[in-house]
Colleague: 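Structure in structure tokens, see below.
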Amino acid sequence: MNPRSNSTQWRDRLPIQELLALSDVLPESFYCRPTVAVARDLLGKILVHGRAAGRIVEVEAYLGADDLAAHASRGLTPRTKVIFGPPGRAYVFFIYGMYECLNLIAEPEGVPGCVLIRALEPLCGIQAMRRRRPAARRIEQLASGPGRLTQALAITRRHNGIPVTSGDLTVRRLPPEPRLEILATPRIGIRQSTDRPLRFLIAGNPFVSRPPAAPPTGSK
DNA sequence: CAATAGATCATCT
DNA sequence: GATGATCTATTGC
């Protein structure tokens, strides 16, 4: 066994059955709100697919017509149809010929808005995630990136349009929920609307895909 | 550690 | 035909 990977580090935080018993699925009403509010409130929630689960530690909000970085800004097309649909659904798109990205739909039906899930802190099913992502050398890299987390949790375009309010793919609230310090930064990997602070992450969390642009430097 | 090139395809022009 | 809400391996300091 790789000396870097001691079994403590790669072990599940808790059994999946226990997680499911102690948590509640977020209802559709949670998502039927302004996109930025949904994005911020998703931090700290648990994304579950089958027997694998992780805590959401980083997200990005994508808005409507005035947000040129958002797919929905080009209007209603076959691809963006889901974004204009009812809240609490998954929007999964394929990018760079290789990766899938998971979004959750916000806002009432007819109003575009979605939240890109950018990074997870693995909690359950860590061995399975590791099999799906052999390139990850450290547990911090298992699901720290939009393309990485869909691989780790085996989320694909087959999930496009399905509800996350019941079934195999859900988002859950697991008490107790400590108060979080949330940072807002510009979004990553976009070429338009690059200065809007629509990326949200849990301050100091080591599982985010990229640390904040200006890390606090200087002691004392 | 930072910078960069390559992989690879659905979507829209 | 170009582009893109990315990731990995590799090269160079």
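Sequence lines set the chain letters: A, B, ... in the order given, protein chains first and strands last, and positions in each chain run from 1. Just so you know, these numbers come straight off a predicted model, no measurement behind them.
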Colleague: Within the structure, does a side-chain N or O atom of A:Thr77 lie under 4.0 Å from either OP1 or OP2 of B:dT11?
Modeller: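 Looking at the OP1 and OP2 atoms of B:dT11, neither is under 4.0 Å from any side-chain N or O of A:Thr77.
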
Colleague: Work out which heavy atom in A:Ser166 is nearest to a heavy atom in A:Val25; give both atom names and the distance.
Modeller: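 Nearest pair, atom of A:Ser166 first, then A:Val25: N-CG1, 4.5 Å.
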
Colleague: For the side chain of A:Arg79, starting at C-beta, report the closest nucleotide among B:dA10, C:dA5, B:dC12.
Modeller: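 The answer is B:dC12, which lies nearest to the side chain.
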
Colleague: Taking everything shown except A:Asp66 itself, do over 12 heavy atoms lie less than 6.0 Å from its CG?
Modeller: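 Result for CG/A:Asp66: enclosed.
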
Colleague: Does A:Gly147 reach a base, just sugar-phosphate, or nothing at all? Heavy atoms under 4.0 Å.
Modeller: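 Sugar-phosphate: the residue A:Gly147, judged by heavy atoms under 4.0 Å, touches backbone atoms but no base.
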
Colleague: Write down the distance between OH (A:Tyr91) and P (C:dA5), rounded to a whole number of angstrom.
Modeller: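 Atom-to-atom, A:Tyr91 to C:dA5, this comes out as 9 Å.
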
Colleague: Under the criteria of a ring-centre distance below 5.5 Å and an interplanar angle below 30°, is A:Tyr96 stacked with the base of B:dA7?
Modeller: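 A:Tyr96 ring does not meet the centre or angle cut-off for B:dA7; no stack.
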
Colleague: Sub-3.5 Å donor-acceptor pair from the side chain of A:Asp12 to the main-chain atoms of A:Gly125, do we have one?
Modeller: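 Yes; at least one donor-acceptor contact below 3.5 Å.
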
Colleague: NA contact type, A:Ala69, heavy-atom cut-off 4.0 Å: base, sugar-phosphate, or nothing?
Modeller: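 Base contact.
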
Colleague: If I take atom CD in residue A:Glu100 and atom P in nucleotide C:dC7, what distance separates them, rounded to the nearest angstrom?
Modeller: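 Distance, rounded to whole Å: 12 Å.
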
Colleague: Please determine if a side-chain N or O atom of A:Arg148 lies less than 4.0 Å away from the OP1 or OP2 oxygen of C:dT8.
Modeller: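 The answer is yes; a side-chain N or O of A:Arg148 sits under 4.0 Å from OP1 or OP2.
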
Colleague: If you look at every strand shown and take non-hydrogen atoms under 4.0 Å, does A:Arg118 touch a base, only sugar-phosphate, or nothing?
Modeller: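 A:Arg118: backbone/sugar contact only, no base atoms under 4.0 Å.
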
Colleague: Calculate the interatomic distance between A:Asn103 atom CG and C:dT6 atom C1'; express it in whole Å.
Modeller: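 Value for this atom pair: 14 Å.
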
Colleague: Mind calculating the distance between CE (A:Met98) and P (B:dT11) to the nearest angstrom?
Modeller: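 From A:Met98 CE to B:dT11 P: 17 Å.
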
Colleague: Tell me, please, which residues at least two apart from A:Arg33 pass side-chain contact (heavy atoms from CB on, under 4.5 Å).
Modeller: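 Partners of A:Arg33 under the side-chain contact (heavy atoms from CB on, under 4.5 Å) test: A:Phe30, A:Ala37, A:Val38, A:Asp41.
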
Colleague: List the steps and the verdict of salt bridge (Lys or Arg N to Asp or Glu O under 4.0 Å) for A:Glu58 and A:Arg210.
Modeller: CA-CA 9 Å; A:Glu58 178 183 344; A:Arg210 262 182 55 182; over 6 Å; no

Colleague: Closest to the A:Arg157 side chain: C:dT6, B:dA10, B:dT8?
Modeller: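 Side chain of A:Arg157 sits closest to B:dA10.
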
Colleague: Which whole-number value in Å describes the distance from A:Arg137 CZ to C:dA9 P?
Modeller: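 After rounding, the gap between these two atoms is 8 Å.
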
Colleague: Can you find a side chain N or O atom of A:Arg74 that sits less than 4.0 Å from OP1 or OP2 on B:dT13?
Modeller: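 Checking B:dT13 against A:Arg74, no side-chain N or O comes under 4.0 Å of OP1 or OP2.
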
Colleague: For the pair made of CD1 in A:Ile83 and P in B:dT11, what is the distance, rounded to whole Å?
Modeller: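 These atoms are roughly 12 Å apart.
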
Colleague: Measure from the side-chain heavy atoms of A:Ile95 and tell me the nearest of C:dG4, C:dC7, B:dA7.
Modeller: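 Looking only at heavy atoms from C-beta outward on A:Ile95, the closest nucleotide is C:dG4.
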
Colleague: Let me spell it out: for each of A:Glu60 and A:Gln151, pick the nucleotide of DNA chain C with the closest heavy atom. Which residue's pick is nearer the 5' end?
Modeller: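 Closest to the 5' end, via its nearest nucleotide, is A:Glu60.
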
Colleague: Decide, yes or no, whether a salt bridge links A:Arg118 with A:Glu60 under the criterion of side-chain N to carboxylate O below 4.0 Å.
Modeller: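 A salt bridge links A:Arg118 with A:Glu60.
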
Colleague: Between A:Glu109 and A:Arg89, does any NZ, NE, NH1 or NH2 come within less than 4.0 Å of an OD or OE carboxylate oxygen?
Modeller: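 The answer is no: the pair does not qualify as a salt bridge.
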
Colleague: Look at the side chain of A:Phe94 and decide which nucleotide, out of C:dG4, C:dT8, B:dA10, has an atom nearest to it.
Modeller: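 Closest nucleotide among those given: B:dA10.
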
Colleague: Would you say a side-chain N or O of A:His71 is under 4.0 Å from OP1 or OP2 of B:dT11?
Modeller: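 For B:dT11, OP1/OP2 do not have a side-chain N/O of A:His71 under 4.0 Å.
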
Colleague: Starting at atom CZ of A:Arg191, determine the distance to atom P of C:dA5, rounded to an integer number of angstrom.
Modeller: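 Nearest whole value for this atom pair: 9 Å.
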
Colleague: Figure out the CD/P separation between A:Gln141 and C:dT8, and round it to whole Å.
Modeller: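 Atom CD in A:Gln141 sits about 8 Å away from atom P in C:dT8.
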
Colleague: Using the side chain to side chain donor-acceptor pair (under 3.5 Å) definition, which of the options A:Glu100, A:Arg132, A:Arg133 pairs with A:Gln151?
Modeller: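 Testing A:Gln151 for a side chain to side chain donor-acceptor pair (under 3.5 Å) against A:Glu100, A:Arg132, A:Arg133 leaves exactly one candidate, A:Arg133.
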
Colleague: Expected output check: what is the dot-bracket annotation of DNA chain B, where ( ) and [ ] are pairs inside the strand (brackets for crossing ones), | is paired with another strand, and pairs are Watson-Crick or G-U under 3.5 Å?
Modeller: |||||||.||||.

Colleague: If you check the A:Leu116 side chain, which of B:dC12, C:dA9, C:dA5 turns out closest?
Modeller: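 Of all the options, the side chain of A:Leu116 is nearest to C:dA5.
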
